[in-house]
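Have a look at the structure below before the remarks.
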Amino acid sequence: MSVTTTTHLNFRGAAREALDFYQSVFGGRAVAVTYKDAGAVQDENEADWVMWGEVTAGNGFHVMAYDVPSRLPWNQGENPFFVSVRGDDTDEISALWHKLAAGDSTVVRPLEPAQWAPLYGMLTDRFGVTWVLDVAAPYNG
């Protein structure tokens, strides 16, 4: 069992450009799944925005990013990032979730299966930090 933390950057329509830039700086591979790719379009103007993206490089660099849909609040100076905790064990991720959720936290999305992950959830803790916890989907590439 292991978990990793990754900086998860939030944009409004600029995630793909940012991911491409970070790839040009750090190398590695950029991956971007759009809202259209995931079948999650709620605003046609945002269909090609990034719902989930990342850059990973052999030198250890890893950053995730997405475009916050216009229906959700977003302010570049107030919520520019999440902390992503990813693991491969549902029991371990569930236990971490319940500890983070205790007290005055706000559940943004319950910890449950998602189209892109066996388990996924998002919450904002009592300190105002937004955490994304998920179990990594097996790679089928």
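Numbers here are sequence positions counted from 1.
Cluster membership check: V31 does not share its hydrophobic cluster with V132, using side-chain heavy-atom separations under 4.5 Å among Ile, Leu, Val, Met, Phe, Trp and Tyr. Cluster membership check: F81 shares its hydrophobic cluster with L19, using side-chain heavy-atom separations under 4.5 Å among Ile, Leu, Val, Met, Phe, Trp and Tyr. Following chains of ILVMFWY side-chain contacts shorter than 4.5 Å, one can reach V129 starting from L123, so the two form part of one hydrophobic cluster. Cluster annotation: W131 and V63 are assigned to the same hydrophobic cluster (Ile/Leu/Val/Met/Phe/Trp/Tyr, side-chain heavy-atom contacts under 4.5 Å, transitive). A continuous path of hydrophobic side-chain contacts links L119 to V3 [ILVMFWY only; heavy atoms under 4.5 Å].
In this structure, A40 and M51 approach most closely via the heavy-atom pair CB-SD, 3.8 Å. Minimum interatomic distance between D43 and N45 (heavy atoms only, all atoms of both residues): OD1-N, 2.9 Å. Nearest heavy atom pair, residue A65 against residue A15, reads CB-CB, 4.3 Å. In plain terms, the two heavy atoms of A14 and D67 that are nearest each other are N-OD1, 3.0 Å. The two atoms that bring T34 and R16 nearest to each other are CG2-NH2, 3.1 Å, heavy atoms only. The minimum heavy-atom distance linking V55 with A30 is given by the pair CG2-CB, 4.0 Å.
Every residue two or more places apart in sequence or in another chain was checked for a side-chain hydrogen bond (donor to acceptor under 3.5 Å, both in side chains) with Q23, and none qualifies. Residues passing the salt bridge (Lys or Arg N to Asp or Glu O under 4.0 Å) test with D37: none are found, sequence neighbours excluded. Qualifying side-chain hydrogen bond (donor to acceptor under 3.5 Å, both in side chains) partners for D20, counting only residues two or more places apart in sequence or in other chains: none.
Annotation: side chain of L72 is not in contact with side chain of W74 (no heavy-atom distance under 4.5 Å). Counting only heavy atoms from C-beta outward, the side chains of W49 and V68 never approach each other to under 4.5 Å.
Under the side chain to side chain donor-acceptor pair (under 3.5 Å) test applied with H62, the options T6, T4, T7 reduce to a single match, T6.
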All N/O donor-acceptor pairs, side-chain side in residues 83-94, below 3.5 Å, sequence neighbours left out:
from: R86; atom 1: NE; to: D134; atom 2: OD1; distance (Å): 3.3
from: R86; atom 1: NE; to: D134; atom 2: OD2; distance (Å): 3.2
from: R86; atom 1: NH2; to: D134; atom 2: OD2; distance (Å): 2.8
from: D89; atom 1: OD1; to: D91; atom 2: N; distance (Å): 3.0
from: D89; atom 1: OD1; to: E92; atom 2: N; distance (Å): 2.7
from: S94; atom 1: OG; to: T90; atom 2: O; distance (Å): 2.8

Result block: side-chain N/O donor-acceptor pairs under 3.5 angstrom for residues 96-115, not counting sequence neighbours:
from: S105; atom 1: OG; to: A101; atom 2: O; distance (Å): 2.6
from: Q115; atom 1: NE2; to: A38; atom 2: O; distance (Å): 3.3

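Residue pairs meeting the ring-ring contact (aromatic ring centres under 6.0 Å, His included) criterion with at least one member in residues 3-34, sequence neighbours excluded: H8-Y66, H8-F82, F26-F61.
Side chain of E46 to main chain of Y35: no donor-acceptor pair is present (N/O by atom type, distance under 3.5 Å, no hydrogens or angles).
Atoms CG and NZ, on D48 and K36 in that order, are 4.0 Å from each other to the nearest 0.5 Å.
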